[in-house]
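Down below is the structure, laid out as C-alpha cells.
All chains are named by letter (A, B, ...) in the order of the sequence lines, taking the proteins before the strands, and each is independently numbered beginning at 1.
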Number of protein chains: 2
Amino acid sequence: MIDESHDPRTNLLLAALPDAEWLRWQSQIEAVDMPLGQVLCESGRTLSHVYFPTTAIVSLLYVMENGASAEIAVVGNEGIVGISLFMGGESTTSRTVVQSAGQGFRLKAKVMKDEFDRAGPVLHLLLRYTQALITQMSQTAVCNRHHSLDQQLCRWLLLSLDRLQGDELNMTQELIANMLGVRREGVTESALNLQRAGLIRYARGHIKILDREGLEQRSCECYEVVREEYRRLLPSTPAR
Amino acid sequence: MIDESHDPRTNLLLAALPDAEWLRWQSQIEAVDMPLGQVLCESGRTLSHVYFPTTAIVSLLYVMENGASAEIAVVGNEGIVGISLFMGGESTTSRTVVQSAGQGFRLKAKVMKDEFDRAGPVLHLLLRYTQALITQMSQTAVCNRHHSLDQQLCRWLLLSLDRLQGDELNMTQELIANMLGVRREGVTESALNLQRAGLIRYARGHIKILDREGLEQRSCECYEVVREEYRRLLPSTPAR
DNA sequence: GCCGATACGTGCGTCAGCGCACAGACGCGG
DNA sequence: CCGCGTCTGTGCGCTGACGCACGTATCGGC
C-alpha cells in the first residue's frame, strides 16, 4: 500500500507521530493522487476521510451565494485536511479544493476519530496544528481588510511556496484571483509589478520565483506572522 | 463566591456542563467585572485564566505593526475566552479586549487545562465551540473581502446584539470603526444610512435597535451563516 | 501550419473607502 | 451656566479595486 517513491512522512504531522501511533496508522493509511481542482469536500458535507497532503496543496475556500469566493486558509505538507472531524462539527462552511496538484495520504474518518479519542499525543498534535490554522485564518481576515493586492499576492505566493519543494508554481492568474477573491485583471497587474521588479517570472500558468527575499520584503507582515506561528506551534515547518 | 444576582450559567458553555463537572467547577470559578476596554490578554502573552462572559462582550482584535486593527471574532455569553490554553499554544497573535462592559466568570489556567485533559464532555464541548469560533473567523475574512461597510455594520450589530440582552448597545462609532478596521467617518455614514432607514437610533455612544428584521435584511449572508453554525454546533444559542 | 482554446495585457469609466480638516452638538464638571 | 472634552456630521481630493470590453500571445492537436 505504501509506495516507496512516496514517503508518507513527507507530511510533517505524520512525521511527528510517535512510533507507537505510526505503527498503528501504517496499515490504515492510503496514498492518493490529488489532481488540480479536485473537491475533497463540499461546504456543509461530511468528510469521509482526513487528508495528509505531501506534495499537493489544498485550499479552504468559501464560496458565497453570488458565486464570489475567498480563500480562508491553505494546507500543505505541514498539515491535515478535515479538522472538523475531530473538532466535532463533522462539516465546515467552506469547500476544500486542491489548489496545486500532487499527492497525499488519507485515513478513514472513523479511524481518525478513534485515534483522536485516545486523547494522547495525536490529540495534542492535531490541536496545536488547529491553532496554527486559526492563526492563518485570522491573518487572512486582517490582510483582506488592510493590505494591497500586491502585498497579498506576495503573501500568497510565499505561503504556497513554503508548502512545495522548489521555486516554481503551476497556477493561472485566474485561479489565484479566485483564491484571493479579487479580479483576474487585478492579479495580472500585481503579477506584472512583481515581474517588472525581477521577483518572479511567469508564463501561461507557470510561475518561477527569482527573488524570494524580495517577495518577503514586499509582502505584508501577515506572512511572517503566520510562518512564525507555525514554527512555534508545530514540530517543524516546511523547508524554506 | 457566587453572587446570587449573577448566575454563572447565564454563560451557555457553563450551562451546558454536566452536573459532575459543574459541581467540581463551582468552587473554582470566580466572578469578575469586565469594564469597557479592559485587555484580558495582550497578543503573544500567556493567559492566566480563561473567561466565561455572561453579560460582557469580548473582542479578539488583531493590532498591526502600524497600529491599525481589525476584529477577528467576538465572544459573549455563548463562549469562552482563551481557547489557546487548551489548544496547546498558550498564546495567540490577537489581543483580547472587552468591547462591551459587563460581567463574567473565570477559571485558573491550570484548572482549565486539567479539566480539558480529562478528555470527557468538557473537551468535546470546548472543541465544538472552537469550531464555531473558527467559522466566525472564516466568515470575517470573507466579509472583509467582499461586503460593503453598510452590510458589515449590520452584521456586527447583530452579532453584538445576540450576545446581549435587550436591544441597546453602548458603543461609540470610533470604537466600532476600530473593530471593523475602518475609518470612523465611514461608520458615521453607514450608521446614518441605517438611522435614516429607521433601523436604529443612536446618540453619543448609545445605540438603540428599532428594527431587527430590517438589520438582518440589510446584512450580508455572513451573519446568518455564523449564527446558523453556532446553533448547529452548540447546545443552545444566545436568545434572540 | 492552421485553429481553437487558454492565458495574459490594457483601457476606461465608476465607486467605495481613505486621509485630512473642520464644524456643530451634546453633556458633564466646576 | 459656562467651558471643555467627547461624539458626530460634512466636504474634498485621492486611490485601489471593480466591471466590462476587447486585443494579443502562446500552446496543443489534427
Heavy atoms only, 4.0 Å cut-off, all strands: where does A/G205 land among base, sugar-phosphate and nothing? sugar-phosphate
Round to the nearest Å and state the distance from B/R184 atom CZ to D/dT10 atom C1'. 10 Å
Take atom CD of B/Q195 and atom C1' of D/dC7, then tell me their distance rounded to the nearest Å. 13 Å
Rounded to the nearest angstrom, tell me the gap between atom CG in A/N144 and atom C1' in D/dA17. 13 Å
Is B/R212 paired with B/D162 through a side-chain N to carboxylate O contact shorter than 4.0 Å? yes
Integer-rounded Å distance: D/dG9 P and B/I176 CD1: 11 Å
Supply the atom-to-atom distance A/Q99 CD to A/R163 CZ, rounded to the nearest 0.5 angstrom. 9.5 Å
What contact category does A/E185 fall into here, base, sugar-phosphate, or nothing, at under 4.0 angstrom with non-hydrogen atoms? base
Please check if the side chain of A/T10 supplies one atom and the backbone of A/H6 the other of a donor-acceptor pair under 3.5 Å. no
Distance, rounded to the nearest Å, where B/E174 contributes CD and D/dG9 contributes P: 13 Å
A/R231/A/E228 ion pair, N-O < 4.0 Å: yes
Students should find this one: the first and last nucleotides of DNA chain C, 5' to 3', lying under 4.0 Å from a heavy atom of chain A. What are they? C/dT6 to C/dT10
Pair A/R232 + B/E90: basic N to acidic O under 4.0 Å: no
Under a 3.5 Å cutoff, is there a donor and acceptor pairing between the side chains of A/Y62 and A/E71? no
Rounded to 10°, the helix from C/dG1-D/dC30 to C/dG30-D/dC1 deviates from straight, judged by its five-pair end axes, by 30°
Short side-chain N/O contact from B/Y202 to OP1 or OP2 of D/dG9, under 4.0 Å: yes
Output the distance between atom OG (B/S219) and atom CZ (B/R227), rounded to the nearest 0.5 Å. 11.0 Å
CD of B/E189: more than 12 outside heavy atoms within 6.0 angstrom? no
Without decimals, in angstroms, what is the distance between A/N193 CG and D/dG16 P? 11 Å
d(CG, A/L192; C1', D/dA25) in whole Å: 14 Å
Provide, to the nearest angstrom, the distance between the CD1 atom belonging to B/I207 and the P atom belonging to D/dC7. 12 Å
Only one of B/T96, B/L107, B/V81, B/N11 passes side-chain contact (heavy atoms from CB on, under 4.5 Å) with B/Y51; say which it is. B/V81
Residue whose nearest DNA chain C nucleotide is more 5′ - A/R145 or A/R196: A/R196
